Amino acid sequence: MKIPRSEQETIVIYDVEVGKWHIDTTYLPHIRKYTPAMGGIEEKTQDRLAGWISDDYSGSFMTRKRKTLTDEQRQQVVEQLRKGQEK
């Protein structure tokens, strides 16, 4: 059963008592991204993933897509960083 796009969501909660992140998602790109990071899977189906993130996960929970830079823009960023380090 495919979940309508308007009902797809990802919930990320940090449990202080356990000291771990819990993820519950029905958004397919997040299912693919977080499946390898799961330490304990509570539920995994074609359209849902729920469970605990393993302790050795070093990724992030970014929601924005990364900005794609051209080679020229990347070079400008490098120059700006160098100037900042020289000061």
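We number each residue from 1, following the sequence as shown. Bear in mind that the values here come from a model prediction, so they are computed numbers and not experimental data.
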According to a 4.5 Å side-chain heavy-atom criterion applied to Ile, Leu, Val, Met, Phe, Trp and Tyr, with indirect links allowed, do Val16 and Val12 form part of one hydrophobic cluster?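 Yes, Val16 connects to Val12 through the hydrophobic network.
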With the 4.5 Å side-chain cut-off for hydrophobic clustering, are Tyr57 and Ile31 part of the same group?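 In one cluster: yes.
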Counting only pairs under 3.5 Å, give me each side-chain donor-acceptor contact of residues 72-79, with atom names and distances, residues two or more places apart or in other chains.
| residue | atom | partner | partner atom | Å |
| --- | --- | --- | --- | --- |
| Gln73 | OE1 | Thr70 | N | 2.9 |
| Gln73 | OE1 | Thr70 | OG1 | 3.4 |
| Arg74 | NH1 | Asp71 | OD1 | 3.1 |
| Arg74 | NH2 | Leu69 | O | 3.4 |
| Gln75 | NE2 | Glu79 | OE2 | 3.2 |
| Glu79 | OE2 | Arg82 | NH1 | 3.2 |

Looking only at heavy atoms, what is the nearest atom pair of [X] and [Y], with distance?
X	Y	answer
Met38	Ile53	SD-CD1, 3.8 Å
Leu28	Gln46	CD1-O, 4.2 Å
Thr10	Tyr27	OG1-CB, 3.7 Å

Worked verdict on Thr35 versus Lys44 for side chain to side chain contact (heavy atoms under 4.5 Å, CB included): CA-CA 9 Å; Thr35 297; Lys44 177 155 183 353; 3.5 Å; yes
Approximate separation, where rounding is to 0.5 Å, of Glu9 CD and Thr25 OG1: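 The CD atom of Glu9 sits 8.0 Å away from the OG1 atom of Thr25.
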Value rounded to 0.5 Å, distance of CD1 in Ile41 from CH2 in Trp52: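 One gets 14.0 Å once the value is rounded to the nearest 0.5 Å.
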May I ask you to test the Glu7-Thr26 pair for a side-chain heavy-atom distance under 4.5 Å?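 Counting from C-beta outward, Glu7 and Thr26 never come under 4.5 Å.
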Besides Ile13, the hydrophobic cluster formed by Ile, Leu, Val, Met, Phe, Trp and Tyr side chains linked at under 4.5 Å, directly or via other members, contains Ile11
Where at least one partner belongs to residues 15-27, residue pairs that pass salt bridge (Lys or Arg N to Asp or Glu O under 4.0 Å), sequence neighbours excluded: Asp24-Arg48
